[in-house]
A.B. asks: 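Please read through the structure below; I'll follow up with questions.
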There are 4 protein chains.
Amino acid sequence: MIHIDLRSREPIYEQLVNNIKELIFSGILQPDEKLPSVRELASQLTINPNTIQKAYKELENLGYIYSARGRGNFVMPVDDKSGVKNSVELLKKITELVKEANYVGISKEFIKQIIEDVYRKKIDKGGIE
Amino acid sequence: MIHIDLRSREPIYEQLVNNIKELIFSGILQPDEKLPSVRELASQLTINPNTIQKAYKELENLGYIYSARGRGNFVMPVDDKSGVKNSVELLKKITELVKEANYVGISKEFIKQIIEDVYRKKIDKGGIE
Amino acid sequence: MIHIDLRSREPIYEQLVNNIKELIFSGILQPDEKLPSVRELASQLTINPNTIQKAYKELENLGYIYSARGRGNFVMPVDDKSGVKNSVELLKKITELVKEANYVGISKEFIKQIIEDVYRKKIDKGGIE
Amino acid sequence: MIHIDLRSREPIYEQLVNNIKELIFSGILQPDEKLPSVRELASQLTINPNTIQKAYKELENLGYIYSARGRGNFVMPVDDKSGVKNSVELLKKITELVKEANYVGISKEFIKQIIEDVYRKKIDKGGIE
DNA sequence: GTGGTCTAGACCACT
DNA sequence: GTGGTCTAGACCACT
């Protein structure tokens, strides 16, 4: 379930990164599970392999996957990556967005409901393409 | 209280946009309040006026400020801007980040506390430079 | 003083990374000093700009430089980067090499002398190309 | 005591090479001692025999082991291998890393202590698997 | 002018 | 088969 919008202002490789992060966070891609090969994904999405490569490299730098030459790319198990620094960054971003939600008049109950839904995994998933 | 980090990977104009959005959401900049002029802010921050101009233009496109020819730039009052489309986008972003928080093991109580703090305006503010 | 050996088994971009790290560690490149632009270095070394870009990106990931679109790449000041994790890795590598030196019969006095020389900056430098 | 990390970015054959070098430098593998056979090690580590073969071949090229047709692979005695060229390379590498240590603020006393520990064999060993 | 993205296509390294 | 490196060349984004 990877969807790339070629017209988007967001770079293709970044869309890929976000799509795959989504699949990992949703549990659709399990720890140590193999991702599609660079060439395979490139031909499926009709995107240049270099772009896929770049996205995978970025996901590796971010600590979400690991790469092994001759074998493939795999989902990094959770314990190995959740650095404190990243969590702080994440909470900062959430705080910014909640401030904006407050400003535009979204009720706090609404946001709390989102949190409940996410933590109960009620929110829709999707299989890999 | 605008802080620009010249070392940041984030483009300067984008830092400006985010800084000013922050000031608006926090209520430090009030509806219809005048923003510093392009030249003034440029000289204060020792940044190219074109970059300030670009940030103001972006804020206008996003619906957070309006520009009055020959008079300056002003904060857009809330009712005039809070489009449904923007709110949907905002909630999507929050949902994504909450999923990630869940994935890395941050408790939902922790996030709910952030929401409480933001809505009670307990979170620190800052005045314009 | 960047020297690339096109025949080397070591990838070009990696040679670049090591060369530039050298320049930084030797103090030839000072904190916040601007590196040659991607295109400039590419034409000087007659190497594809993409390869220079890749090396700079890697140096950024490693925390040795920072990159700013439209402005250039700059040496990251020391305090911002020297993570504990990296130091541990570094000391591990040194330990491995010292074990090997011991094995092949290099005296410990010899190695200690190297350390003295490095810390007294007696070891030869070189200017950027 | 050979440990292979399938998740590591470092190629498996290279991990093998480094592991075995370690065992040799630590004296756990003695001169002229026989290494496990390719098949034996492959089945122990559940790794492709071709990969083991490649690692052994590499160790032979580096001068750390020798292969005797039909009998197996053996540790090369010290006097036969410690080429001047290798020592120079080794000292270069150590110098580079010590420069980095200096740059990131590690004290020279700290490094000297490592040297003392290694030469007194205080540093922990490990037996072959 | 400066960095960043992307394609097309070749070739190498590892399993 | 799989990831990684590199070139050539086009075009976009930011200052």
A.B. asks: The criterion is side chain to side chain contact (heavy atoms under 4.5 Å, CB included); which residues satisfy it with D:Glu58, sequence neighbours excluded?
C.D. replies: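 Listed in chain order: D:Tyr13, D:Val17, D:Asn61, D:Leu62.
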
A.B. asks: C:Asn48 or B:Glu14: which one's nearest nucleotide on DNA chain F is closer to the 5' end?
C.D. replies: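 Closer to the 5' end of DNA chain F: C:Asn48.
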
A.B. asks: For DNA chain F, which residues in residues 66-75 of chain A have a heavy atom at a distance below 4.0 Å?
C.D. replies: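 Output list: A:Ser67, A:Ala68, A:Arg69, A:Gly70, A:Arg71, A:Gly72, A:Asn73.
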
A.B. asks: Between A:Glu10 and D:Ile12, which residue's closest nucleotide on DNA chain E lies nearer the 5′ terminus?
C.D. replies: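 Result of the comparison: A:Glu10.
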
A.B. asks: Is C:Ile24 close to C:Ile65 at the side-chain level, that is, under 4.5 Å between some pair of heavy atoms?
C.D. replies: yes

A.B. asks: According to salt bridge (charged side-chain N to carboxylate O under 4.0 Å, His left out), does anything in residues 23-42 of chain A pair up with another residue at least two apart or in another chain? List the pairs.
C.D. replies: A:Asp32-D:Arg7

A.B. asks: Please list, chain by chain and in numerical order, all residues satisfying side chain to side chain contact (heavy atoms under 4.5 Å, CB included) with C:Ser43, sequence neighbours excluded.
C.D. replies: none

A.B. asks: For Watson-Crick and G-U wobble pairs within 3.5 Å on both distances, what is DNA chain F written in dot-bracket notation, | included for inter-strand pairing?
C.D. replies: ||||||||||||||.

A.B. asks: Using a 4.0 Å heavy-atom cut-off across all strands, classify D:Ile47 as base, sugar-phosphate, or nothing.
C.D. replies: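 Nothing: the residue D:Ile47, judged by heavy atoms under 4.0 Å, touches no strand.
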
A.B. asks: According to side chain to side chain donor-acceptor pair (under 3.5 Å), who are the partners of D:Glu10, at least two apart in sequence or on a separate chain?
C.D. replies: D:Asn18

A.B. asks: Applying side chain to side chain donor-acceptor pair (under 3.5 Å), can you list everything that pairs with D:Glu100, at least two apart in sequence or on another chain?
C.D. replies: C:Tyr64

A.B. asks: What does D:Arg9 touch in the nucleic acid at a heavy-atom separation under 4.0 angstrom: a base, only the sugar-phosphate, or nothing?
C.D. replies: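 Sugar-phosphate: the residue D:Arg9, judged by heavy atoms under 4.0 Å, touches backbone atoms but no base.
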
A.B. asks: Could I get the full list of side chain to side chain contact (heavy atoms under 4.5 Å, CB included) partners for C:Lys93, not counting sequence neighbours?
C.D. replies: D:Leu97

A.B. asks: Do the side chains of D:Leu41 and D:Tyr56 get nearer than 4.5 Å, heavy atoms only?
C.D. replies: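 Answer yes - side chains close enough.
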
A.B. asks: Can you name the closest pair of heavy atoms from A:Pro49 and A:Val38 and give their distance?
C.D. replies: O-CG1, 3.5 Å

A.B. asks: Which is the 5'-most and which the 3'-most nucleotide of DNA chain E that has an atom under 4.0 Å from a heavy atom of chain A?
C.D. replies: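 Endpoints of the contacted stretch of DNA chain E: E:dT5 to E:dT15.
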
A.B. asks: Measure the shortest side-chain to side-chain distance between B:Ile2 and B:Leu23 over non-hydrogen atoms and say whether it is less than 4.5 angstrom.
C.D. replies: yes

A.B. asks: Taking the side chain as every heavy atom from C-beta outward, state whether D:Val104 and C:Val78 have any pair of such atoms under 4.5 Å apart.
C.D. replies: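 A side-chain contact under 4.5 Å is absent here.
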
A.B. asks: Please list, chain by chain and in numerical order, all residues satisfying side chain to side chain contact (heavy atoms under 4.5 Å, CB included) with C:Asn50, sequence neighbours excluded.
C.D. replies: C:Asn48

A.B. asks: Taking only residues two or more places apart in sequence or in another chain, which ones pass side chain to side chain donor-acceptor pair (under 3.5 Å) with A:Arg9?
C.D. replies: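 In terms of side chain to side chain donor-acceptor pair (under 3.5 Å), with neighbours along the sequence ignored, A:Arg9 is linked to no residue.
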
A.B. asks: Would you jot down, in residue-number order, the residues of residues 49-56 of chain B having a non-hydrogen atom under 4.0 Å from DNA chain F?
C.D. replies: B:Thr51, B:Lys54

